[in-house]
Amino acid sequence: MAASITHPALSSLYKINSNINGIYSLISFNRRISISSVRSSSAVATETEASGRGVRGQRRSKRQAGEPRSERMAVDQDWTAVYPTAASFKPAAVPLPVRMGYPVKRGVPPAKKGNLELIKIPNFLHLTPVAIKKHCEALKQFCTEWPSALDSDEKCMKRFPIQVQSKEFVSAGLSLRNPDARIVTLKVKLSSLNLDDHARKKMIKLSEERYCKDTDTLTITTDSCPLRKQNYDYAMYLLTVLYHESWKTEAWEQEKTRADMEEYEWEDSPSQKKVLDTLLRMRALGAKDEVEEGTREELLGQPVVQEYRDTMLRLKNEGETEENLHKYKEAVKKLFNI
Amino acid sequence: MASSCSQALGHHVFKRSRILQIHLQKSWPNRSFALNSAADQQLAVSSPEIVIPKKKTWSKEAVLQALASTVKRDPTASDYRFQDDPYLTPKTSSEFKLFSLSQESGRNAAKYFINTYPKYFQKDYAQPHIPCLMPDSLEAQIEEESEAALVERVRMRKVRAAVDLFDQLQQAGTPVSLDVTNQLLDLICLYGDHDPTQENVPEQRIEETEDVQDEPQAKKGRGAKASDLLKASWKENNNAERIFALLSEPNAHSYSAVIRGMVKYGAHSKAFSFYTDLLNSRLKADVHTFNALITAAPEVKEKYNEKWELIVDLLKQMAEQKVKPNLLTLNAVLKALRRCGTVGRSQAFPVISEMKSLSIDPSLASYTHLLAIFYKPGAPVQGQTDVLQEVMNEVSGKSFSPQDPDDALFFITAMRICLDTKDMEQAYRVHELLGVGENWRLLGKDFQQNIYYARFFSLLCMMENIDVMLKWYRDLVPSVYYPSSNVMRDLLQALDTDNRLDLIPLIWKDIKQLGHANRQNLVEELLTLMAREKHNQEVQESFAECALDIKKIYDTGDRGKVLLNWTAGSLNDLISVLLAAHRTRDAWEMLKLFKTHNRVPSEELLNKFLVCVKEAGEVNQAVELVQISAGFCLPGTPKLIQRVLQEFELTEQQRNMLSDLEIQSFNSD
């Protein structure tokens with residue numbers, strides 16, 4: 001028997017055979033293999049005989065499925081006992097006639113039995129309102145009382161302006177650890193900080209994209225340290241440093257040019273010069289050629305010029321909208337007495 | 001599925017942001033001094049003291065345990081071990097056993113591989129580290145002969161190797177300290193001088209002749225019985241005694257180890273002689289020795305009084321030597337009292353009260369022994385129901401933890417007593433106790449659980465009405481309990497008593513699923529019950545369906561194996577059921593089966609058939625009926641012929657045939 005074996009896979013089959021012969025619990029497997037080993041001499045014949053058809057009429061009858069569990073479920077059963085934790089969709093345990101999937105031409109979406117689409121998607125069968133209520137009741141023992149003085153959102157924001165967010169992860173797997181749990185996000189509104197104009201501008205400049213103008217929120221996200229506590233300390237440190245640095249004025253800040261400005265200022269801008277120039281020219285056409293310093297302020301003090309200034313500021317700072325452009329047009333017209 | 005929860009405005013905010021709060025409002029205290037009283041009041045009103053409560057701490061699993069306490073048992077689900085799928089959940093009790101054992105054996109096989117080839121399994125994936133998944137070191141590390149090596153072998157429980165090493169050390173002359181020798185003695189006496197059976201090692205056919213204990217446990221269920229039969233006994237002059245003799249000054253611990261080993265392995269009188277040696281050497285025995293001796297006491301004496309006196313004697317000595325008894329002492333005494341007959345009954349309660357005064361609380365094992373003392377199995381009940389009630393009063397509502405191996409017997413003993421005394425109320429109380437706290441752990445192994453539920457069920461069938469019975473049935477079957485065919489018969493009888501025979505088709509479905517469809521008695525009883533009376537139309541229809549289903553069982557399976565044999569009674573019943581539902585055609589085919597299986601139909605059946613045939617108006621069938629009847633030489637054939645002749649319109653041929661038959665039957669009478 002050994003001599004006739006050339007197929008390497010089958011040689012291992014024969015080796016297993018001799019060990020299997022000793023184990024009496026694997027009787028039928030034993031019988032099939034030993035019969036095949038006795039009969040066959042060629043590799044191909046062994047394979048077909050061992051794999052498929054009933055040897056000596058011993059075809060095992062196909063195992064029948066029992067009835068699905070959903071048949072025995074009472075209408076008023078406790079669903080939280082059926083799905084206590086997150087689990088994949090079990091068609092036998094869910095008594096709903098759900099269908100999912102792309103329907104075949106002129107057909108319906110496939111039924112739930114053996115439907116992979118239903119199994120793939122996450123389900124929230126374990127989080128029905130009843131279940132959540134029960135969980136909340138059970139978790140109340142871990143909670144302390146909310147301070148009675150903090151009964152509105154504004155008070156909370158006023159007394160505790162810094163918000164710190166971090167995530168905890170629970171999953172069943174080889175490891176309990178999840179590296180994303182170390183990320184800490186710190187949010188604070190700059191209006192709640194004690195900043196003057198210069199400090200505020202400097203802070204915004206220092207924090208670059210971490211500052212959101214619409215909500216006036218500074219968001220610091222730290223994930224560079226391996227532990228959450230370290231990241232939290234680092235975030236607080238950053239906030240403190242930003243605050244103190246923005247209050248200091250360095251020597252080189254004097255060199256701030258017009259291009260570094262955050263907002264458009266009308267004073268000393270080309271626009272102001274041009275307006276002045278134009279007005280002077282307008283005046284000069286009609287009157288003597290007197291250019292004095294005093295007239296400058298006088299000219300600038302005129303309401304039309306102020307209005308022009310306002311519209312100009314609005315255009316540059318807020319952007320070009322219909323309204324702003326319209327106002328600009330009006331201002332210009334007034335300026336030129338059109 | 002990972003679920004993430006974000007903590008916004010959590011305790012972080014309250015604690016940590018106080019830094020900023022202080023920073024912001026640093027000037028406040030200063031300011032408040034400068035203000036006048038009105039402003040002061042205003043300030044006080046607008047900023048009341050915010051009291052932030054201290055954070056609670058809890059253990060790591062506390063949250064999970066709290067959430068787990070919200071989940072109750074699901075009555076439709078099977079055991080948590082199995083896959084929740086209609087193909088893969090076990091439907092019969094043999095499948096249950098097979099599946100759970102195969103899981104265990106798979107686990108054992110995996111463990112075996114990990115331990116045999118540890119070098120491939122060194123990488124640790126689990127965080128935090130799970131020690132029980134790493135390979136065990138099964139080989140002793142220290143090779144040279146020294147005490148440390150001996151200690152290591154003792155720790156790894158290698159009895160044979162430890163004894164050999166000890167002998168080597170003795171021969172080499174190295175002194176072995178008393179402590180280490182005591183540990184060695186403990187080991188030998190615990191395992192009875194054999195190596196403990198390795199559960200993870202597959203069977204080895206090569207055995208030495210004296211390794212009777214080493215007969216490996218093939219499967220846990222069978223193994224338990226096998227090893228009970230092959231329980232080792234204490235041999236003469238075995239290693240323990242030999243090593244003991246080598247000791248120059250054995251101390252109490254050595255004596256204790258040897259005595260306990262002797263008692264465990266059945267050498268009771270020797271244990272007592274050793275005890276006298278102990279007393280002679282003026283050493284004090286400890287509580288474990290006394291427990292062992294009390295356990296051995298009933299074996300040594302014959303009469304009840306003597307046994308009890310010996311136990312009392314031992315207890316007195318215990319008191320003299322100022323050894324405090326513990327729970328195991330109480331249980332040992334009660335267990336011994338079981339063998340003491342009437343003395344046991346009178347002494348049991350005083351013992352318990354005395355122990356209670358010593359602040360030893362009885363565990364479930366004590367109650368088990370107590371119940372066993374008063375309710376002997378098989379003995380007639382003599383109005384002793386109070387004891388069970390008192391025990392239940394003591395025990396209800398309490399959660400017990402396992403303290404004694406006999407704790408697991410409490411529930412089945414209590415249920416046996418309830419069954420014997422037919423006490424439903426106490427049975428409910430016992431079952432309720434099972435739901436309290438951790439008591440479900442004390443129900444024991446799977447087969448003990450089965451026994452418990454079988455008894456509970458039989459009691460329910462006997463005592464309760466059908467609705468309650470069905471409620472329990474739906475609750476327990478098949479998620480917790482797979483009834484045997486006897487219990488199903490009890491259930492059928494209960495249905496019969498309460499006149500709910502319309503539920504039979506449902507029960508039949510369950511019977512089929514439980515795998516009892518091949519029990520001859522059960523199926524025949526089912527058929528008889530169905531055929532006995534006439535019910536309304538729907539019920540008859542369902543009965544007919546059921547009957548056809550049963551018929552399929554009787555037919556040969558696809559393997560050519562015959563599961564059930566037709567008997568005359570079953571055939572009769574089946575056909576009457578079909579007739580009652582007016583399925584004449586099916587009934588007609590069944591009639592032919594009488595001939596093929598050599599059974600004789602009864603007269604009423606043929607009469608009933610005739611009535612049906614008359615309703616259908618099939619004349620030919622009527623004639624055939626008569627022919628069949630004549631073929632079997634039934635005594636009622638003439639009457640049948642008369643009826644057919646009268647009630648049916650027959651052709652000449654048929655009339656002639658019938659008259660021939662009549663003459664034939666007349667002649668044969």
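Proteins come first, then strands; the chains are lettered A, B, ... in the order of their sequence lines, and each starts at number 1.
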By a 4.5 Å heavy-atom criterion (distance strictly below it), what part of [X] contacts chain A: side chain, backbone, both, or neither?
X: Ser105(B); value: neither
X: Ala68(B); value: neither
X: Val63(B); value: both
X: Asp84(B); value: both
X: Lys509(B); value: side chain
X: Pro128(B); value: both
X: Asp124(B); value: neither
X: Glu95(B); value: side chain
X: Lys72(B); value: both

From CG (Leu239(A)) to CE (Met203(A)), nearest 0.5 Å: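 The CE atom of Met203(A) is 5.5 Å from CG of Leu239(A), to the nearest 0.5 Å.
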At a 4.5 Å cut-off on heavy atoms, which part of [X] comes close to chain B: side chain, backbone, both, or neither?
X: Glu137(A); answer: neither
X: Leu176(A); answer: both
X: Glu67(A); answer: both

message: For the NZ atom on Lys134(A), are there more than 12 heavy atoms of other groups (residues, nucleotides or ligands in this structure) within a distance under 6.0 Å?
response: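 Yes, NZ of Lys134(A) has more than 12 neighbouring heavy atoms, counting only those of other groups under 6.0 Å.
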message: Closer than 4.0 angstrom, basic N to acidic O: yes or no for Lys229(A) and Asp233(A)?
response: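 Looking at Lys229(A) and Asp233(A), the cut-off is met.
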Is the shortest side-chain heavy-atom distance between [X] and [Y] below 4.5 Å?
X: Phe99(B); Y: Lys97(B); value: no
X: Thr219(A); Y: Tyr211(A); value: no
X: His516(B); Y: Ile511(B); value: yes
X: Lys167(A); Y: Asn178(A); value: no

message: At a heavy-atom distance under 4.5 Å, which candidate from Cys143(A), Pro68(A), Ser70(A) has the highest pair count against chain B?
response: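 Heavy-atom pair counts peak at Cys143(A).
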query: Given the options Thr185(A), Leu174(A), Thr240(A), which has more heavy-atom pairs under 4.5 Å with chain B than any of the others?
result: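 Highest number of pairs under 4.5 Å: Leu174(A).
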task: Go through the side-chain N and O atoms of Tyr83(A) and Asn123(A) and say whether any donor and acceptor fall under 3.5 Å apart.
output: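 No - no donor-acceptor pair under 3.5 Å links their side chains.
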- request: For salt bridge (Lys or Arg N to Asp or Glu O under 4.0 Å), just list the numbers for Glu104(B) and Arg81(B), CA-CA rounded to whole Å, side-chain angles, deciding distance to a tenth of an Å, and then say yes or no.
  value: CA-CA 10 Å; Glu104(B) 282 294 324; Arg81(B) 292 175 258 188; 5.9 Å; no
